[in-house]
Amino acid sequence: MSWSNENRNEYLSFKEKHKNIFLLLLLVFFLLSVKLFYLQIIKGNYYKTVSEHQRLSTTHERAFRGLIYDRNDNLIVDNITNYVALFYPFEQQYMPSEESVAKLSEILQKDIKKSIETGWRYGRVVKLAENLTVNEAFKIQENKLFLPGITVVKEPKRRYYDAVENAHVIGYVNELRAEELEDMDNTDLRVGDIIGRCGIEQSFDKYLRGKDGGLSFEVTAKGRHKKMFNYDAPTIGNTVYLTIDTNLQKVAYKALAESSSGKGAAIVLDVNTGAVRAFVSCPGYDVNKISYIKEYRKYLKDKKLPFFNRCIQALYPPGSIFKIITFAAALEELKYNYHIVENCTGLFELGDRFYSCSSKKGHGKVDLISAMAYSCNVYFYKIGLALGVRVIDEYAKKFYLGEKTGIEISSEKSGFVPTPDWKKAKTKMSWLKGDTAILSIGQGALWVTPLQMANLISAVAKNGISYRPYFVEKIRDSVTNKIIYLHEPAPNEKIELSNHTWQQLHKSLEAAVEYGTAKRTKFDNLKVAAKTGTAENPQGDDHAWAVAYAPADNPQIAVAVIVENGGFGGSVSVPVVREILKQYFHIIDPVIEEDEKDKNNIKNNKKTKNNKKKNKKQNVKH
């Protein structure tokens with residue numbers, strides 16, 4: 001058979017078209033194979049997970065947060081069961097009847113009809129009520145046959161012991177909000193998760209937070225629950241052991257609450273490790289109640305600021321506590337002869353101004369040791385002027401002022417130490433000798449926190465050796481009981497002073513207890529070293545300071561107390577220090593009994609005098 005040219009051309013054209021179609025089909029098949037390989041092999045696990053999520057719906061069951069104990073294994077924080085009523089619609093053929101809804105509304109004392117209708121319409125588990133009483137939970141269980149799809153589950157709720165006293169140490173928890181989650185890097189968290197808000201609850205949240213569990217349900221293509229698929233039990237968080245002594249906390253808080261203003265802070269440090277034995281800010285707040293809006297608003301309106309952590313957030317002038325630094329600088333830099341005697345008349349003249357002493361009448365003749373014991377301003381004005389502001393500033397920073405201590409909880413302030421350069425930049429004025437004089441006694445634009453003062457006196461107690469304060473001693477895994485965190489003392493940079501300076505400084509602080517402004521901390525069987533201070537306050541009453549360490553010959557603890565707007569440190573803050581020392585060293589105070597006898601004697605004497613002179617008028621001046 002012979003092909004005409006025309007037929008041959010048609011055949012070749014046909015053949016070329018089929019070839020192109022074949023290549024096109026081959027290309028499409030290749031692309032489909034590549035896509036299939038990408039979906040099945042490369043992204044297979046991803047889409048399998050997505051498919052599982054679409055097939056399964058999970059109801060989360062919150063884990064209990066970890067327990068918290070004090071140094072003596074006293075329980076500070078645990079969890080209680082919060083009963084929650086839920087509606088499960090997926091195994092019900094019909095929506096609960098009007099009678100069932102009315103019965104449940106009666107038990108819960110709220111209208112839950114709308115919630116049940118929503119759950120039924122969308123085939124989702126719905127929370128009907130929380131914080132059920134035990135009685136309400138039992139009533140639901142008793143009527144379970146008449147309440148189809150209704151069940152009661154347990155959720156954890158935090159419970160705090162000695163909540164007011166420990167509030168600023170422990171902190172509190174509440175739910176994570178959506179806007180907060182956007183700013184967080186931790187993708188394990190979800191909106192509604194319970195997280196720590198301040199204190200130990202916040203700083204050690206990752207240890208305290210447990211692992212949530214929950215129920216997994218199979219769902220239809222429309223998202224309706226079909227049946228339960230799996231249950232994962234939640235895991236409780238880890239157990240945290242603190243350094244604080246809750247009994248000491250309570251004593252310190254009570255003493256502050258009963259002080260002249262009822263406001264202030266008290267801190268006790270272990271001088272050999274930096275462990276915080278007491279950390280009290282007064283007034284506190286009941287952490288168990290702040291989840292209630294009414295209570296929370298009451299605390300917000302309280303003019304005594306119970307949410308304000310005075311231990312690390314409040315800034316005060318240190319007053320005469322700062323004389324410790326001026327004292328040390330004088331012996332180190334001036335090689336000062338502590339036997340030099342000055343006559344204190346109650347006033348110090350500098351230029352055309354007069355600067356007052358702590359005693360209006362004056363202390364008379366005092367040397368360096370007695371000037372410290374009596375807290376004589378006039379003596380320290382002269383020393384401060386001899387040192388100069390640059391040296392005082394250098395020694396203030398050597399004693400850690402103007403910097404944070406590094407304690408674990410957040411919101412600590414660093415304080416401030418003024419300098420001539422700062423004043424020039426801030427006020428366009430030069431530094432004057434009067435600025436140096438008041439700086440030398442701890443006044444002016446000098447700001448410290450109570451924790452910084454505790455850190456300072458702790459360093460003095462151990463001849464310049466101190467440690468970063470800390471709260472958490474150890475953490476145990478709640479499942480294995482193994483220690484997963486153990487604190488190691490972190491030493492601060494040592495304050496280098498001569499042995500002679502340390503000896504004289506200790507001698508002066510012991511003299512303050514023996515016959516000076518801190519004599520109310522004197523015990524027969526405990527040697528104490530202390531310093532008092534009264535910080536001037538232009539906005540109101542002065543603040544009362546006291547710091548101490550004991551035993552003076554072998555220090556164990558350092559104490560810092562401030563009574564805000566309290567007045568004179570020797571009469572207001574020292575009694576708080578005394579109560580703390582009595583509790584820590586288990587001292588029974590005979591002074592109380594003697595004071596009561598004295599009061600009775602005074603009353604009896606007054607009655608006798610009144611009987612003898614009942615017809616006479618007298619003016620008695622005390």
Side-chain angles (χ1 to χ4, degrees), residues 68 76-77 80 82 109-110 130-131 157-180 183 192 194-203 205 244 246 249-267 278-317 407 409-413 415 447-451 535-545 561-567 572-573 576:
I68 302 178
I76 302 176
V77 187
I80 57 176
N82 176 31
Q109 296 182 347
K110 62 181 290 190
E130 57 184 345
N131 294 320
K157 185 178 181 181
R158 217 63 166 138
R159 177 169 59 182
Y160 300 90
Y161 298 91
D162 302 315
V164 176
E165 294 88 342
N166 296 329
H168 293 97
V169 176
I170 304 300
Y172 61 95
V173 297
N174 61 22
E175 291 188 354
L176 177 67
R177 298 187 295 271
E179 59 270 24
E180 294 176 307
D183 300 328
I194 300 298
I195 61 171
R197 287 300 180 183
C198 59
I200 297 301
E201 291 277 27
Q202 180 188 51
S203 298
D205 184 71
I244 66 167
T246 50
Q249 286 275 113
K250 288 187 280 189
V251 167
Y253 188 90
K254 183 175 183 290
L256 281 173
E258 294 175 352
S259 66
S260 57
S261 70
K263 299 183 295 182
I267 299 165
F279 188 90
V280 173
S281 179
C282 185
Y285 56 95
D286 191 338
V287 189
N288 292 310
K289 293 182 179 179
I290 62 170
S291 59
Y292 303 106
I293 298 298
K294 185 178 180 180
E295 290 292 329
Y296 185 76
R297 287 176 178 171
K298 184 184 76 172
Y299 286 129
L300 282 179
K301 293 178 181 178
D302 192 333
K303 293 182 179 180
K304 287 189 175 183
L305 307 176
F307 287 134
F308 188 44
N309 190 340
R310 288 171 166 83
C311 293
I312 58 174
Q313 292 179 304
L315 294 172
Y316 309 94
I407 199 165
I409 61 177
S410 61
S411 303
E412 181 185 11
K413 296 289 182 64
W447 303 103
V448 299
T449 67
L451 181 58
E536 293 181 4
N537 176 26
Q539 283 76 43
D541 294 332
D542 294 342
H543 307 306
W545 278 105
V561 169
I562 185 167
V563 176
E564 191 175 296
N565 307 125
V572 178
S573 287
V576 179

With a 4.5 Å limit on heavy-atom distance, are the side chains of [X] and [Y] in contact?
X: Val561; Y: Leu256; result: yes
X: Trp545; Y: Val448; result: yes
X: Thr246; Y: Ile76; result: yes
X: Asn537; Y: Asn565; result: yes
X: Cys282; Y: Lys263; result: no
X: Thr449; Y: Gln313; result: no
X: His543; Y: Val563; result: no

Got a sec, which residues hit side-chain contact (heavy atoms from CB on, under 4.5 Å) with [X], two or more places apart in sequence or on another chain?
X: Arg197; value: Tyr172, Asn174, Arg177, Glu180, Ile195
X: Lys157; value: Ile80, Asn82, Asn131, Tyr292
X: Gln249; value: Asn166, Val169, Ile244, Ala278, Phe279, Val280
X: Glu412; value: Ile312, Lys404, Thr405, Ile407, Leu451

_Aromatic centroids of His168 and Tyr285 separated by under 6.0 Å_ =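 Yes, close enough.
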Do you know the tightest heavy-atom contact between [X] and [Y]?
X: Gly566; Y: Ser260; result: O-OG, 3.1 Å
X: Cys311; Y: Pro450; result: O-CD, 3.5 Å
X: Ser203; Y: Ser410; result: OG-N, 4.2 Å
X: Gly196; Y: Val173; result: CA-CG1, 3.8 Å

Salt bridge (Lys or Arg N to Asp or Glu O under 4.0 Å) involving [X] - partner list, sequence neighbours excluded:
X: Glu165; answer: none
X: Lys304; answer: none
X: Asp542; answer: none
X: Lys413; answer: none

_Heavy atoms from other residues, nucleotides or ligands near CZ of Arg159 exceed 12 (cutoff 6.0 Å)_ =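 Yes, CZ of Arg159 has more than 12 neighbouring heavy atoms, counting only those of other groups under 6.0 Å.
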Test of understanding: with side-chain hydrogen bond (donor to acceptor under 3.5 Å, both in side chains), list the residues that count as partners of [X], not counting sequence neighbours.
X: Lys298; value: Glu295
X: Tyr299; value: none
X: Arg310; value: Glu564

*For the atom pair OG (Ser573) and CD1 (Ile562), what is the distance rounded to the nearest 0.5 Å?*
7.0 Å
*Go through the steps to decide whether Ile290 and Arg297 satisfy the test side-chain contact (heavy atoms from CB on, under 4.5 Å), and finish with yes or no.*
CA-CA 9 Å; Ile290 62 170; Arg297 287 176 178 171; over 6 Å; no
*Does the side chain of Glu258 come under 3.5 Å of the side chain of Tyr253 through a donor N or O and an acceptor N or O?*
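No - no donor-acceptor pair under 3.5 Å links their side chains.
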*Report the residues that fulfil ring pair (Phe, Tyr, Trp, His ring centres under 6.0 Å) with Tyr296, sequence neighbours left out, ordered by chain and then residue number.*
Phe307
_Ser281 side chain vs Phe308 backbone, donor-acceptor pair below 3.5 Å_ = yes
*Please confirm whether the backbone N or O of Tyr160 pairs with a side-chain atom of Asn288, one donor and one acceptor, at under 3.5 Å?*
yes
